[in-house]
Asks: 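Supplied in structure tokens, the structure appears directly below.
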2 protein chains.
Amino acid sequence: MEEILFNFISKYISINEDEKNAILSLNLFHSVKKGTILLKEGQKSRDSYFVLKGCIRTYYIIDGEEKTTAFYTELDALTPHCVTNHTPSDYFISCVEDSIILISDADVGMEINSKFPKFDTMCRILSEELLAKERVDFDEFKTSSPEQRYLNLIKNRPDLIQRVPQHQLASYLGIKPQSLSRIRARIFEKKN
Amino acid sequence: MEEILFNFISKYISINEDEKNAILSLNLFHSVKKGTILLKEGQKSRDSYFVLKGCIRTYYIIDGEEKTTAFYTELDALTPHCVTNHTPSDYFISCVEDSIILISDADVGMEINSKFPKFDTMCRILSEELLAKERVDFDEFKTSSPEQRYLNLIKNRPDLIQRVPQHQLASYLGIKPQSLSRIRARIFEKKN
DNA sequence: CTCATTTCTAAACTTAAGTTAACGAATTAT
DNA sequence: ATAATTCGTTAACTTAAGTTTAGAAATGAG
């Protein structure tokens, strides 16, 4: 599991044994059971997450309804809005599957970044990449119909369709579960 | 105009006269006429943009139709996907109004960042902030109807409704211009 | 200033998503 | 193992967005 992390880091910066040990000594790895809520609405937090194995999701509760807006799987990083913004969270984060997650407090991040300046560079590059990708994903969402969005999902993240409940996928696609059922039926009969 | 930039930078890091002069010596400020295309689909580029005054937009051409997906106004920063991703651009960037824009090549960015390491930190914090905000905006989009999205726009970026053509706003809201017209009419008659 | 083009609105019609309700299947809790 | 809850699909109906077309208003070019 440590190796997965260091391979990921190596894509951005070179990292030596001392640095690896410094990271390992922080005990950031956590094993989290399916259904565990990592962050609640209204809560303040300084924790960032990095998924090594498994899947977590962000969701809002609007008019008593759960609205899932994002899934984070292997090698996905998530710093909640409330951390950067220093405000209570607007959303929940919970585990979709039993997962292994790296959880790092903002203080720990500061400490590593000041001790090893190249981590600052890595975080900058990573954030820039993620921002560019998020913008493109948002663009794709805006310019597609619900059916096209579902077809794109099949193409781009086929694993999600297997590992995530339909009703959570539905709000992720910006529609109601009944509509997703209908779209699936429509696509199925188009094939024949 | 320089002061606007330095005030912005000061929100993230302290900056002295030497550093200010180093930035000014790079001649990054550009005055750009309305309608100018800064980046074309298919083009490779290493330029990032920072809007000091005016408005620029990103748009795709899909089936011969322009689809505007984002507007960047005063103090907004944009590093196109093609820059981070080293691929030809999927979209166009053009000026909605006569604007004053800071355009910085990736090489210039690298140079500043290595000469003044705190700029790396600033870019990291800024990217993290923008990423968190982009995710929340995307969440809001997913969980709202077109009418709600338009009402949110009136509340959060009322200036856009004045300064941007309706048909560009429509695709920004993920709908057709005719639908936006209808939504506006619907809202207007609800008021009475 | 005038002509041409683009932009916005409107109406009629089509298509698809939202809503409400029901029911069987799957999952979870006891 | 059984009961209870949650989940996924279907159907009938409602609502709103997409499509097509048209015309008026605004904008831009010569």
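Every chain is numbered from 1 and lettered A, B, ... according to where its sequence line falls, protein lines coming before strand lines.
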Asks: Quick test: give all pairs of protein nitrogen or oxygen and nucleotides 28-30 of chain D nitrogen or oxygen below 3.5 Å, distance rounded to 0.1 Å.
Replies:
residue : atom : partner : partner atom : Å
D:dG28  : OP1  : B:Lys34 : NZ           : 3.3

Asks: For each nucleotide in nucleotides 15-23 of chain C, reading 5' to 3', give B when a protein heavy atom comes within less than 4.0 Å of its base, S when such contact involves only the sugar-phosphate, and - otherwise.
Replies: -SBBSBB--
Asks: What integer distance in Å separates A:Gln162:CD from D:dC7:C1'?
Replies: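 For the pair A:Gln162 CD and D:dC7 C1', the rounded distance is 16 Å.
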Asks: Rounded to whole angstrom units, what separation is found between the CZ atom of B:Arg184 and the P atom of C:dT7?
Replies: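 Rounded to whole Å, this separation is 15 Å.
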Asks: Partners of A:Glu74 by side-chain hydrogen bond (donor to acceptor under 3.5 Å, both in side chains), sequence neighbours excluded?
Replies: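 Testing A:Glu74 for side-chain hydrogen bond (donor to acceptor under 3.5 Å, both in side chains), a comparison that skips the adjacent residues, returns A:Arg163.
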Asks: Keeping to residues at least two apart or across chains, list the ring pair (Phe, Tyr, Trp, His ring centres under 6.0 Å) pairs with something in residues 19-50 of chain B.
Replies: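 Ring pair (Phe, Tyr, Trp, His ring centres under 6.0 Å) check on residues 19-50 of chain B returns B:Phe8-B:Phe50.
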Asks: Examine the side chains of B:Glu41 and B:Tyr59 and answer whether a donor and an acceptor come within less than 3.5 Å of each other.
Replies: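 No, no side-chain donor-acceptor pair sits under 3.5 Å.
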Asks: Can you sort out the partners of B:Gln178 under side-chain hydrogen bond (donor to acceptor under 3.5 Å, both in side chains), two or more places apart, ordered by chain and number?
Replies: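 With neighbours one apart ignored, the set is empty.
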Asks: Run the numbers on A:Glu2 and A:Leu24 for side chain to side chain contact (heavy atoms under 4.5 Å, CB included), then give the verdict.
Replies: CA-CA 8 Å; A:Glu2 292 77 15; A:Leu24 291 177; 3.4 Å; yes
Asks: Could you give the CG-to-P distance, from B:Leu180 to D:dT19, as a whole number of Å?
Replies: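 Rounded to whole Å, this separation is 15 Å.
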Asks: Examine the side chains of A:Arg57 and A:Thr68 and answer whether a donor and an acceptor come within less than 3.5 Å of each other.
Replies: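 Per modelled atom types, A:Arg57 and A:Thr68 side chains form a pair under 3.5 Å.
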Asks: Taking atom P of C:dT27 as reference, at what distance in whole Å does atom CD of A:Gln166 sit?
Replies: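 After rounding, the reported distance stands at 12 Å.
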Asks: Are any of the side-chain nitrogens in A:Glu111 or A:Lys115 under 4.0 Å away from the carboxylate oxygens of its partner?
Replies: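 Yes, A:Glu111 and A:Lys115 are salt-bridged.
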Asks: Backbone N or O of B:Ile101 within a donor-acceptor pair of the B:Ser99 side chain at under 3.5 Å?
Replies: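 Side chain of B:Ser99 to backbone of B:Ile101, a donor-acceptor pair under 3.5 Å: no, none is there.
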Asks: Rounded off to whole Å, could you give me the NE2-to-P distance for the B:His167 and D:dG18 pair?
Replies: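 Going from NE2 in B:His167 over to P in D:dG18 covers 16 Å.
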Asks: Just how far, in rounded Å, is C1' of D:dG18 from CG of B:Asp63?
Replies: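 The distance from CG of B:Asp63 to C1' of D:dG18 comes to 14 Å, rounded to the nearest Å.
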Asks: With a 3.5 Å cut-off and no angle check, do the side chains of B:Ser104 and B:Ser48 form a donor-acceptor pair?
Replies: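 On atom types as modelled, these side chains do not qualify, holding no pair under 3.5 Å.
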Asks: Between A:Phe188 (CZ) and D:dG8 (C1'), how many Å, whole number?
Replies: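 Rounding to the nearest Å, CZ of A:Phe188 and C1' of D:dG8 are 16 Å apart.
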Asks: How bent is the helix from C:dC1-D:dG30 to C:dT30-D:dA1, comparing axes over its five end pairs at each side, to the nearest 10°?
Replies: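 Its terminal axes enclose an angle near 70°.
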Asks: Are A:Asp90 and A:Tyr60 linked by a side-chain donor-acceptor pair shorter than 3.5 Å?
Replies: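 Judged by distance alone, the side chains do not pair up.
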